[in-house]
K.L.:
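Below is one structure. I have some questions about it.
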Amino acid sequence: MKVKRIVANIPASDIGAARRFYEDVLGLERLMDHGWIVTYGNSEPGSVQVSVATQGGSETPTPDLSVEVDDVDEALRRMTGAGFPAIYGPADEPWGVRRFYVRDPFGKIVNILSHSGNEKRDGG
């Protein structure tokens, strides 16, 4: 298993407020918009992104961090083997990701995910 990217997720009650700051002022592109989560970034190598969300999808809490891996099931085995049980999932989500949530040692919710096909990449 290798980490492919990490995307920060910012909880927000007003998702539209992010547009002015991240898109209009910083000039980031809207890479993905599901209504409850919007991911901003660019197409430059090194993929710069930030997601702003009212929830984590599937009515879950907004995770503090999203980590994309190449093998979710292997990541789950490693996490549970190390004493970090899943607090959500694993789940195959309707927006094309397989994922689970786990709490890091500091209590932060980490969304571990893998894209299941050629869907547009998002935070989660």
Side-chain angles (χ1 to χ4, degrees):
M1 190 241 8
K2 68 178 177 179
V3 173
K4 294 171 61 177
R5 87 182 157 136
I6 297 174
V7 177
N9 299 293
I10 301 168
S13 58
D14 179 7
I15 200 99
R19 181 174 297 145
R20 181 168 181 265
F21 184 85
Y22 290 103
E23 190 172 348
D24 298 343
V25 178
L26 286 178
L28 294 174
E29 299 166 32
R30 194 171 335 144
L31 301 176
M32 184 267 314
D33 186 347
H34 286 301
W36 52 268
I37 184 171
V38 179
T39 299
Y40 296 97
N42 60 36
S43 57
E44 296 294 321
S47 186
V48 176
Q49 296 185 343
V50 61
S51 294
V52 181
T54 58
Q55 61 155 309
S58 298
E59 302 300 323
T60 64
T62 303
D64 296 292
L65 198 63
S66 290
V67 178
E68 183 179 359
V69 299
D70 61 347
D71 187 336
V72 168
D73 296 315
E74 174 63 17
L76 180 59
R77 283 189 286 277
R78 288 184 184 194
M79 286 290 173
T80 56
F84 298 102
I87 60 171
Y88 171 76
D92 294 309
E93 302 290 7
W95 56 91
V97 299
R98 180 165 174 74
R99 69 180 182 155
F100 67 93
Y101 284 4
V102 63
R103 286 196 186 273
D104 76 3
F106 314 104
K108 298 297 182 187
I109 298 173
V110 180
N111 174 32
I112 310 286
L113 69 110
S114 180
H115 287 82
S116 55
N118 292 326
E119 295 83 8
K120 191 169 195 174
R121 290 184 175 212
D122 61 17

K.L.:
To the nearest 0.5 Å, how far apart are NZ in Lys108 and CG in Asn9?
P.N.:
12.0 Å
K.L.:
Quick check: closest heavy atoms across Ser66 and Leu113, and the distance to 0.1 Å?
P.N.:
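Heavy atoms of Ser66 and Leu113 come nearest at CB-CD2, 3.9 Å.
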K.L.:
Looking only at heavy atoms, which two atoms of Arg103 and Phe84 are closest? And how far apart?
P.N.:
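Closest pair (atom of Arg103, atom of Phe84, distance): O-CD2, 3.6 Å.
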K.L.:
Give the cluster check for Leu26 versus Val48: same hydrophobic cluster or not, with ILVMFWY residues linked at side-chain heavy-atom distances below 4.5 Å.
P.N.:
no
K.L.:
Are side-chain heavy atoms of Gln49 and Arg5 found at a separation under 4.5 Å?
P.N.:
yes
K.L.:
Would Ile15 and Ile10 show up in the same hydrophobic cluster when neighbours are defined by side-chain heavy atoms closer than 4.5 Å?
P.N.:
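Result: yes, single cluster for both.
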K.L.:
When you measure from the side chain of Asp92 to the backbone N and O of Arg98, does any donor-acceptor pair fall under 3.5 Å?
P.N.:
no
K.L.:
Please give me the minimum heavy-atom distance between Pro63 and Gly56, naming the atom from each residue.
P.N.:
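Closest pair (atom of Pro63, atom of Gly56, distance): CD-CA, 3.9 Å.
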K.L.:
What are the two closest non-hydrogen atoms of Pro90 and Phe100, and how far apart are they?
P.N.:
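That would be CA-CB, 3.9 Å.
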K.L.:
Which distance, rounded to the nearest 0.5 Å, do you find between the CZ of Arg99 and the OG1 of Thr60?
P.N.:
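If I round to the nearest 0.5 Å, the distance is 4.5 Å.
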K.L.:
Taking Thr39 for its side chain and Ser51 for its backbone only, find out whether a donor-acceptor pair lies under 3.5 Å.
P.N.:
no
K.L.:
Of Val102, Asp104, Ile87, which meets side chain to side chain contact (heavy atoms under 4.5 Å, CB included) against Ile109?
P.N.:
Ile87
K.L.:
Angle class for the Tyr40/Tyr22 ring planes (parallel below 30°, perpendicular above 60°, tilted otherwise)?
P.N.:
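Parallel: the ring planes of Tyr40 and Tyr22 meet at under 30°.
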K.L.:
Do Leu76 and Ile112 touch side chain to side chain, with heavy atoms closer than 4.5 Å?
P.N.:
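No, side chains not in contact.
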K.L.:
Taking the side chain as everything from C-beta on, heavy atoms only, tell me whether Ile37 gets closer than 4.5 Å to Met32.
P.N.:
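Yes, side chains in contact.
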K.L.:
Please check: side-chain N/O of Asp70 versus main-chain N/O of Lys2, any donor-acceptor pairing under 3.5 Å?
P.N.:
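Checked: pair present.
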K.L.:
Are Val50 and Val38 connected, step by step, through hydrophobic side chains (Ile, Leu, Val, Met, Phe, Trp, Tyr) whose heavy atoms are closer than 4.5 Å?
P.N.:
yes
K.L.:
For Ala18 versus Val52, what's the shortest heavy-atom pair and its separation?
P.N.:
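Nearest heavy atoms, Ala18 then Val52: CB-CG2, 3.7 Å.
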K.L.:
Could you report the tightest heavy-atom contact between Tyr88 and Ser58, atom names first, then the distance?
P.N.:
OH-CB, 3.5 Å
K.L.:
Identify whether Val110 and Val72 are in the same connected component of the hydrophobic contact network (ILVMFWY, side-chain heavy atoms under 4.5 Å).
P.N.:
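Yes, one cluster joins them.
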K.L.:
So do the side chains of Val97 and His115 get within less than 4.5 Å of each other, counting heavy atoms only?
P.N.:
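Sidechains of His115 and Val97: in contact.
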K.L.:
How long is the span from the CG atom in Leu31 to the CG atom in Asn42, to the nearest 0.5 Å?
P.N.:
7.5 Å
K.L.:
Distance from Glu68 atom CD to Ser114 atom OG, nearest 0.5 Å?
P.N.:
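Reported value, rounded in 0.5 Å steps: 6.5 Å.
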K.L.:
Got a donor-acceptor contact below 3.5 angstrom from the Gln55 side chain to the Glu59 backbone?
P.N.:
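Flag set: sc Gln55 to bb Glu59 pair under 3.5 Å.
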